[in-house]
Number of protein chains: 2
Amino acid sequence: MCPLSPGKRTGRPRSAAADRAILAATRAALAEQGWGRLTLGDVAARAGVAKTTLYRRWAGKNELVVDAVAALFEEQLELPDLGSLEADIQGVVLRFAELLNRPETRTALMAVIAEAAHDDALRLRIREAIVDRQKHLVVLGRKRAQARGEIPPEEDGAAGPERDNLIFDVVAGAVVHRVMVSSEPVDEEWAGRLAVLLVVGLAGLHTAQDP
Amino acid sequence: MCPLSPGKRTGRPRSAAADRAILAATRAALAEQGWGRLTLGDVAARAGVAKTTLYRRWAGKNELVVDAVAALFEEQLELPDLGSLEADIQGVVLRFAELLNRPETRTALMAVIAEAAHDDALRLRIREAIVDRQKHLVVLGRKRAQARGEIPPEEDGAAGPERDNLIFDVVAGAVVHRVMVSSEPVDEEWAGRLAVLLVVGLAGLHTAQDP
DNA sequence: GTGTTTCGCTACGACTCGTAGCGTAACTGG
DNA sequence: CCAGTTACGCTACGAGTCGTAGCGAAACAC
């Protein structure tokens, strides 16, 4: 998750405290100013760090913000075990929505995704730092549900991963769209309806493909 | 969809051709440069228009891009009648994905949504120019399905609109997430699986709430 | 100590922003 | 045809940001 080249040994080491201060300052500035008015000079000043230090560690605004948001996701996002697939989905949806409701993430996530549309390296960085971690939750949730006997066990072929991908896009996409575009609250009721839709629909997907 | 104050009469009228040229230039610049490197000076030069003319009609980058994208949505997005709810969903998903795959919309949509996170006026503008038009397709699709007898007819209470909103967030969110975040193709197969998931899940939502 | 790397600081040219001022073009009402 | 009104193209401007370079001092490994 860190900046550049970790494999050096001699000379003065980079201050890890500065790293944390910079990422925290980035989130604070994002929350106040939003993506558009965010300047690296302001971030440096908040972090008590010279502007040149920022440019030594990150290539630009995009990379810095990705790391700042990824740190939040890493420490906040996990899959609670609530006893049933439906409850698990509802739980993780509520957690994800809580994360999306922070002012830092609201503006930052969409902005870096927009920039990634024409920047392959940035897209890869987002995938590794944020998306793969989310997708892992889907795989974990499916395995738990299979262990409980709620859905049929693993079959071979490409149908399994494809279904995981579909579920991931539906869950994450629906929550993001609800929060960012419709700008309506993700409460227990809405999360519950989404969970029902998914569990029932998932069963339909199985019967539709296995004759 | 147009700029400011439409209700004047005296004096030289604003050139409608300039409007179209500016919006087209904005889309072209977006496709080439992306949101981050897009400058209003460049747009003005492409459109063969003075920079001051741009600022007379639009408040800034955000508003201009919203209108430029909204024009695309207006002329491209509609709901085909393919004979069944499942086929209709699959069809509109494919159309929406086609729109999202254009380089202009890829970077522009996410960027304006990001800016709207801390700009209420912009969020309202996006809603009126883009979102409401999309949501209308959901309502239309539901009414068609009810006329065909595929789903139960209208009930009273707030359950109906709530269900429309859920479907809207799931469909639009899933497609956006698939294209922008997972960056994998929305082909007939994927759209078909999403349609099955929704139709089956929708039936589950009805039986879960009507005892 | 010696060598190496990072740090804070200052300064810089290049660029974009959004606005103001001016003379001209286009259209309206008398 | 002629004022009145508004939009247009052009130029120029201060303000702000960007990303980089150069410097001396500080923090580590050997």
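Residue numbering restarts at 1 for every chain, and letters A, B, ... go by the order of the sequence lines.
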Given D:dC18, C:dT19, D:dG9, the nucleotide with the shortest approach to the side chain of B:Thr53: D:dG9
Any Lys/Arg nitrogen of B:Asp132 or B:Lys135 sitting under 4.0 Å from an Asp/Glu carboxylate oxygen of the other? no
Nearest-Å distance, CG (B:Leu64) to C1' (C:dC17)? 15 Å
When B:Arg148, B:Arg142, B:Arg144 are each screened for side chain to side chain donor-acceptor pair (under 3.5 Å) with B:Gln146, the one that passes is B:Arg142
Find the distance B:Leu40:CG to C:dT19:C1' and express it as a whole number of Å. 13 Å
Taking the side chain of A:Arg56 as its heavy atoms from C-beta onward, which of C:dC17, C:dG8, C:dG21 lies nearest to it? C:dG8
Closest to the A:Arg14 side chain: C:dT6, D:dC8, D:dC18? C:dT6
Readout for nucleotides 24-30 of chain C: B = base within 4.0 Å of protein heavy atom, S = sugar-phosphate only, - = neither; 5' to 3' it is -BBBS--
Between D:dA7 atom C1' and B:Trp58 atom CH2, what is the distance in whole Å? 14 Å
Quick test of your reading of the model: are A:Asp42 and A:Arg46 salt-bridged, counting only N-O distances below 4.0 Å? yes
Return yes if some donor-acceptor pair links the side-chain N/O of A:Arg27 with the main-chain N/O of A:Ala68 below 3.5 Å, else return no. yes
Under 3.5 Å: donor-acceptor pair, side chain of A:Asn62, backbone of A:Val112: no
Chi angles and distances behind the salt bridge (Lys or Arg N to Asp or Glu O under 4.0 Å) call for A:Arg57, A:Asp19: CA-CA 9 Å; A:Arg57 305 193 183 193; A:Asp19 252 38; 2.2 Å; yes
Categorize B:Thr52 for me: base, sugar-phosphate, or nothing, with a 4.0 angstrom heavy-atom threshold over every strand shown. base
Residues A:Lys61 and A:Glu115 bridged, charged N to O under 4.0 Å: no
When the distance from CG of A:Leu54 to C1' of C:dG8 is rounded to whole Å, what number comes out? 12 Å
From OH of B:Tyr55 over to C1' of D:dC8, roughly how many Å is that when rounded to an integer? 17 Å
Quick one: the side chain of A:Lys51 and the base of C:dG8, do they pair up donor-acceptor inside 3.5 Å? no
A:Leu30 side chain near A:Gln33 side chain, heavy-atom distance below 4.5 Å: no
Which whole-number value in Å describes the distance from A:Asn62 CG to D:dG19 C1'? 14 Å
note: B:Arg57, atom CZ; D:dA7, atom P; distance rounded to Å ~ 9 Å
All stems with DNA chain D, defined as three or more consecutive Watson-Crick or G-U pairs under 3.5 Å: C:1-30 with D:1-30
When the distance from CD1 of B:Ile22 to P of D:dG9 is rounded to whole Å, what number comes out? 8 Å
Are B:Leu100 and B:Arg178 close enough that some pair of their side-chain heavy atoms sits under 4.5 Å apart? no
